[in-house]
**Student:** 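My questions all concern the structure below.
These numbers were taken from a predicted model, which means no experiment stands behind them. Each ligand, and each atom within it, is numbered from 1 in the order the structure gives.
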Amino acid sequence: MKLPIYLAQDTIQSRVQDLANQIGREGENLLFIAVMKGAGVFFADLIRSLPFPLRHTSEYEFVELKSYKGTQAVSEPYFVKTPPKSCKGKNVIIVDGIVDTGKTLKTLLNVLPEQEPASIKTCVLLDKKCKRATNVLLDYYGFIIPDEFVIGYGLDYNDKYRCLPDIHIYDGSKET
Ligand code: IMP
Ligand code: MG
């Protein structure tokens, strides 16, 4: 099955490098927290694009939240893997692949302050801004996209299609 490309690998890579360069102006003592599983591919590219000295000094951890089945959120976001206990005094940057309503990010932003990080910022590749239902601030974002369900580059439909290197609009009618 050949899917039309919405965002091609090279377009994504050059934007990821921009974001890494912007984050490179942050102070040190960074702790990246990737929101699994959707952030996985973006996150791996982002951290390896960080300039010196952050590529030496930054740390990372993972959380996992779920709420979607197919193309719909079927519950409020809940933790499958809770945040690390090691955020105290760190400059945390939360990394996710896509923000839609913002509830997933908000759930994480609500609990992280308990860990007393020095600061908390957010970085997402795709911002489905028109769907926002919460007031989350995105400090870094790659692309603003319309209200379409997208797959590839870590983003899934029922856990499939994450391995595609480009990003595509999911069209259920062409499913094989
Ligand atoms: P939110 O909580 O509504 O902001 O949704 C965020 C989560 O929903 C993301 O971390 C994804 O797991 C999932 N999601 C939202 N929109 C899409 C999409 O278009 N493709 C794939 N996953 C999506
Ligand atoms: Mg998903």
Side-chain angles (χ1 to χ4, degrees), residues 1-9 11-13 15-16 19-20 23 31-47 60-84 87 92-114 120-176:
M1 179 175 61
K2 191 146 173 45
L3 297 164
I5 292 175
Y6 178 64
L7 289 169
Q9 287 177 68
T11 308
I12 299 169
Q13 285 314 319
R15 191 68 183 125
V16 170
L19 291 173
I23 292 172
L31 170 64
F32 290 90
I33 299 184
V35 183
M36 291 290 122
K37 301 172 201 162
V41 179
F42 169 48
F43 181 66
D45 282 343
L46 182 73
I47 54 172
Y60 68 74
E61 296 281 355
F62 300 104
V63 294
E64 186 172 352
L65 288 116
K66 273 202 163 126
S67 61
Y68 265 63
K69 191 160 198 274
T71 61
Q72 304 294 327
V74 290
S75 69
E76 292 301 306
Y78 61 92
F79 283 101
V80 176
K81 182 184 183 327
T82 52
C87 301
V92 169
I93 301 191
I94 299 170
V95 180
D96 203 350
I98 187 163
V99 181
D100 180 300
T101 63
K103 288 183 182 175
T104 301
L105 269 189
K106 195 76 182 173
T107 304
L108 186 52
L109 286 164
N110 283 342
V111 301
L112 276 182
E114 291 165 16
I120 307 177
K121 287 192 176 176
T122 54
C123 174
V124 302
L125 182 66
L126 304 179
D127 179 7
K128 225 188 260 182
K129 204 172 178 173
C130 55
K131 291 284 295 296
R132 197 76 87 257
T134 56
N135 61 339
V136 288
L137 176 75
L138 301 183
D139 296 283
Y140 302 100
Y141 65 89
F143 303 93
I144 294 176
I145 65 162
D147 182 13
E148 298 279 3
F149 197 82
V150 287
I151 51 169
Y153 198 67
L155 300 171
D156 72 307
Y157 171 77
N158 283 345
D159 274 320
K160 306 287 191 248
Y161 304 105
R162 294 192 196 276
C163 308
L164 295 170
D166 308 292
I167 292 174
H168 311 264
I169 292 177
Y170 178 73
D171 177 355
S173 67
K174 295 210 182 86
E175 208 175 341
T176 54

**Student:** In the structure I gave you, are the side-chain heavy atoms of L112 and I33 within less than 4.5 Å of one another anywhere?
**Tutor:**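 The answer is yes, as the side chains (C-beta and beyond) meet within the 4.5 Å cut-off.
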
**Student:** Which class fits the ring pair Y157 and Y161: parallel under 30°, tilted 30 to 60°, perpendicular over 60°?
**Tutor:**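 Y157 and Y161: tilted rings.
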
**Student:** Heavy-atom contacts with ligand 1 below 4.0 Å: which residues, ordered by chain and residue number?
**Tutor:**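 Heavy-atom contacts below 4.0 Å: Y68, D96, I98, V99, D100, T101, G102, K103, T104, K128, E148, F149, V150, D156.
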
**Student:** Does some side-chain heavy atom of I167 sit less than 4.5 Å from a side-chain heavy atom of I145?
**Tutor:**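 When only atoms from C-beta onward are counted, I167 and I145 do not touch, as no gap falls below 4.5 Å.
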
**Student:** Do T122 and V99 have side chains that get closer than 4.5 Å, going by heavy atoms?
**Tutor:**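 Side-chain contact under 4.5 Å: no.
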
**Student:** Hey, can you tell me if Y153 and F42 have their rings parallel, tilted or perpendicular (30° and 60° cut-offs)?
**Tutor:**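 It falls in the tilted class, 30° to 60°.
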
**Student:** Check V136, V63, V35 against T104 for a side-chain contact (heavy atoms from CB on, under 4.5 Å) and give me the one that passes.
**Tutor:**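 The side-chain contact (heavy atoms from CB on, under 4.5 Å) with T104 is passed solely by V35 among V136, V63, V35.
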
**Student:** So, of the N/O/S atoms that D156 has, which is the nearest one to the Mg ion (ligand 2)?
**Tutor:**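 When I compare the N, O and S atoms of D156, OD1 is nearest to the Mg ion (ligand 2).
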
